[in-house]
Engineer: 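Quick one: the structure is below, questions incoming.
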Amino acid sequence: MPDRYYSAVNATRLLAASGSGTAISAVSVMVQLNEPHAFLHLQLPYWYFLIATIMLVFVGAVLAMTNDYMKKQGTFLGNLLLAIVVGFVISFVILPAINDKPTVVVMMLTAFFGGLLGTIFLRMILEVVADDELRASVVNILKSSILESIELISNALKNFVGRWFGGRK
């Protein structure tokens, strides 16, 4: 019987400690979001920009649904949810992983264009991966484009080096 009592007391103590830690982190997040940030000569709390970024993800996702390519692929609700998820992942996971301190403007632009174009690019990539003939064609186009770019750069370097050392073309 005493073991159960001590176990219950210990569980209650740990639950209270966990709850106080959650409350402390909520206060910490609130303090960080109320920190003023300069934008267009205005001192606005950071949470304004967070809400604007979230709204821009939704605006980009809704605008992506007006594209003909998205209209013929899947259902409207499925495409809309995919666009919202892609916008959130691009703006809140990928961008901070690439850039340590992205500015507010970059985050808002990334949120808008992530929801708008990220979904369309994702659908196209999935289509290329699924079709072997299309994948082979894309690989051939990329190879030829890369080879043409290398040839163009090498010719430009030959002309530059030839002129630099006094040669004539």
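Just so it is clear, the structure is predicted and the values come from calculations on it, not from any experiment.
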Engineer: Evaluate the criterion side chain to side chain contact (heavy atoms under 4.5 Å, CB included) for residue pair Val59 and Phe112; output intermediate values, then yes/no.
Structural biologist: CA-CA 7 Å; Val59 169; Phe112 177 71; 3.8 Å; yes
Engineer: Say whether Leu50 and Val85 are linked into one hydrophobic cluster, either directly or through other cluster members, by side-chain heavy-atom distances under 4.5 angstrom.
Structural biologist: no
Engineer: Between the side chain of Thr119 and the main-chain N/O of Leu116, is any donor-acceptor distance below 3.5 Å?
Structural biologist: no
Engineer: Nearest heavy-atom pair of Ala83 and Ala61: which atoms, and what distance?
Structural biologist: CB-CB, 3.5 Å
Engineer: To the nearest 0.5 Å, what is the distance between CD1 (Ile54) and CD1 (Ile84)?
Structural biologist: 11.5 Å
Engineer: Do any pairs count as a side-chain hydrogen bond (donor to acceptor under 3.5 Å, both in side chains) and have a residue in residues 102-118, sequence neighbours left out, and if so which ones?
Structural biologist: none
Engineer: Give the cluster check for Val128 versus Met124: same hydrophobic cluster or not, with ILVMFWY residues linked at side-chain heavy-atom distances below 4.5 Å.
Structural biologist: no
Engineer: With a 6.0 Å cut-off (strictly less than), is the heavy-atom count around CE of Met55, excluding the residue itself, greater than 12?
Structural biologist: no
Engineer: With a cutoff of under 4.5 Å between side-chain heavy atoms, which Ile, Leu, Val, Met, Phe, Trp and Tyr residues group with Ile146?
Structural biologist: Ile150
Engineer: Which hydrophobic side chains are connected to Ile141, either touching it within the sub-4.5 Å cutoff or through other members that do?
Structural biologist: none
Engineer: Quick one: CZ on Phe49 to CE on Met107, what's the gap to the nearest 0.5 Å?
Structural biologist: 12.0 Å
Engineer: Measuring from Phe58:CZ to Leu80:CG, what's the distance to the nearest 0.5 Å?
Structural biologist: 8.0 Å
Engineer: Taking only residues at least two apart or on different chains, which pairs with a member in residues 123-146 satisfy side-chain hydrogen bond (donor to acceptor under 3.5 Å, both in side chains)?
Structural biologist: Tyr69-Glu127, Gln73-Glu127, Asn79-Arg123, Asp132-Arg135
Engineer: Cut-off 3.5 Å, no hydrogens considered: what does the side-chain donor-acceptor table look like for residues 87-95, sequence neighbours left out?
Structural biologist:
residue	atom	partner	partner atom	Å
Ser91	OG	Gly87	O	2.8

Engineer: Roughly how far apart are Leu152 CG and Leu157 CG, rounded to 0.5 Å?
Structural biologist: 9.5 Å
Engineer: Are Leu117 and Val62 connected into the same hydrophobic cluster when the rule is that any two of I, L, V, M, F, W, Y join if their side-chain heavy atoms are below 4.5 Å apart?
Structural biologist: yes
Engineer: Would you sort out whether Met65 and Phe76 count as a side chain to side chain contact (heavy atoms under 4.5 Å, CB included), showing the intermediate values?
Structural biologist: CA-CA 7 Å; Met65 297 304 108; Phe76 178 81; 3.5 Å; yes
Engineer: Treat each ILVMFWY residue as a node, draw an edge where side-chain heavy atoms are under 4.5 Å apart, and state whether Ile125 and Ile120 are in one component.
Structural biologist: no
Engineer: According to the ring-ring contact (aromatic ring centres under 6.0 Å, His included) rule, which pairs have a member within residues 113-141, sequence neighbours left out?
Structural biologist: none
